There are 2 protein chains.
Amino acid sequence: MTRRQEIMGTALGLMRNKGYLNTSMRDIASAVNMEAASLYNHIKNKEEILTNTCFGLAEALELGIKDVNDIYFNAAEKLKMAIHNHITVITQDLNASHLFIHEWRHLSEAMRNQFISRRDSYEKEFRDIVILGFEEGEFKDVDPKFATLTILASLNWVSEWYRPQGEMQPKEIAEKLTQFILSGLQKN
Amino acid sequence: MTRRQEIMGTALGLMRNKGYLNTSMRDIASAVNMEAASLYNHIKNKEEILTNTCFGLAEALELGIKDVNDIYFNAAEKLKMAIHNHITVITQDLNASHLFIHEWRHLSEAMRNQFISRRDSYEKEFRDIVILGFEEGEFKDVDPKFATLTILASLNWVSEWYRPQGEMQPKEIAEKLTQFILSGLQKN
DNA sequence: AAAACTAACTAACACTTGTTAGTTTTCCAA
DNA sequence: TTGGAAAACTAACAAGTGTTAGTTAGTTTT
């Protein structure tokens, strides 16, 4: 592991605990046993940490959803795959996910706008699956936007409670979520 | 409206946009046309804004869920009422909700612990409804903790996209969410 | 009229922030 | 063994932080 990766990783851990704004360069430095100024030999500046992380995860999610939409399945199968992909990415690095989900607001305006638009287009891909399901006659006539936001909220929230050492592993989480989203809580 | 309420309200608005840490006392002061120091004639300190808001909403939610559990209904009815209550509280003041949901981490440690324990016990009340539904034979055999977290994630997320001027009003949102949570996306 | 209270002000304190400049140490390849 | 890059250091900067002290004008109560 390079020094840069060590700094990045440590920074993400601190930022997950204390928040991005509340984590100072000096906090990061002392966590890796150096002076704040020395960090700049390895990273450009504080925002790079946030930018790198947010766009890294965005890319990973986008890659996954492209695969899903390229394969010609029915909506239920597509949704299942999309959920599986999302959970896999999100649970990979919980520290990074926290930044991605909560701290992107603190990106500089230009980066933030770029981020939002990529986020929106990811959402749209999800929404298209919901719409497809309706057109197939398989899904109920729900408001697609409403449904999509609700689904994504559930998926993202996993990063708050998932513990790698816990009993539920990403694959199982994805399956249960798919089940829950498709057919709900109630017996029929 | 008292000056104190004006300050509180303005502060919440700023904090929702920029985040709690990123909103300075000077920001708040200039938004209500006074000097930062003058704010201290009306509020104790910055943290009071956060504390007040977080515990205010906690109380509102608790009050609601007590009502639900006092009435002897079946689980489906209870869940419906609990969701309705939650959405009503959350959509009441979006600025406050944002602090409640996202910024409680920045409470001082003592307050934070208190907050977390009240949050946990609220969650437990929800979980009990899910368990009741299973015991009644009405709900599927899901992991109650998992289901509850998923449900609450969906409910809280409403505060991110709900717009008072929009076409969906709290009552309708609650109904659709209940529908979605109980019977999912798929036709049967 | 005197006293007390309210709510604003200016000025300042002590500290923290991200970052840069300039310098020294470390370490590896030739 | 030495030259040079990489990576650490110290010192400092300009700006911003929450908060306190002391003061003042205006209003309300005694």
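Throughout, protein chains are lettered first and strands after them, A, B, ... in sequence-line order, and every chain is numbered starting at 1. Keep in mind that this is a model prediction, so the values were computed, not measured.
- Between A:Phe115 and A:Trp104, the angle of the ring planes stays under 30°, which puts this pair in the parallel group of the 30/60° scheme.
- Checking A:Ser154 against B:Ser154 by side-chain atom types alone, a donor-acceptor pair falls below 3.5 Å.
- Taking atom CD1 of residue B:Ile49 and atom P of nucleotide D:dT17, one finds them 14 Å apart after rounding to whole Å.
- Residues B:Lys78 and B:Glu136 are not paired through a salt bridge, judged by the lack of any N-O separation under 4.0 Å between the basic side chain and the carboxylate.
- Remark: of the listed residues A:His86, A:Glu62, A:Arg127, A:His86 is the sole one forming a side chain to side chain donor-acceptor pair (under 3.5 Å) with A:Tyr122.
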Check your understanding: If the sugar-phosphate is the primed atoms plus P, OP1 and OP2 and the base is the rest, what is the B/S/- string for nucleotides 4-17 of chain C, using protein heavy atoms under 4.0 Å?
Key -> ---BBBBBB----B
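- Rounded to an integer number of Å, the gap from B:Ile28 CD1 to D:dG18 P is 8 Å.
- Of the residues in residues 103-113 of chain B, none lies under 4.0 Å from DNA chain C by heavy-atom distance.
- Here D:dT17 presents its P atom at 8 Å from NZ of B:Lys18, a figure rounded to the nearest Å.
- Between the C1' atom of C:dT20 and the OH atom of A:Tyr40 lies a distance of 9 Å, rounded to the nearest Å.
- Of the inter-residue distances, the one linking B:Lys140 atom NZ with B:Phe134 atom CZ reads 13.0 Å to the nearest 0.5 angstrom.
- Using a 30° and 60° split on the angle between ring planes, B:Phe180 and A:Phe146 fall in the perpendicular class, above 60°.
- The aromatic rings of A:His106 and A:Tyr20 sit parallel, their planes meeting at an angle under 30°, below the 60° perpendicular limit.
- Within the shown strands, C:dA1 is the pairing partner of D:dT30 under the Watson-Crick or G-U definition, both distances less than 3.5 Å.
- Side-chain atoms of A:Glu138 and A:Asn74 include no donor-acceptor pair closer than 3.5 Å.
- With rounding to whole Å, B:Glu48 atom CD is found 15 Å from D:dG18 atom P.
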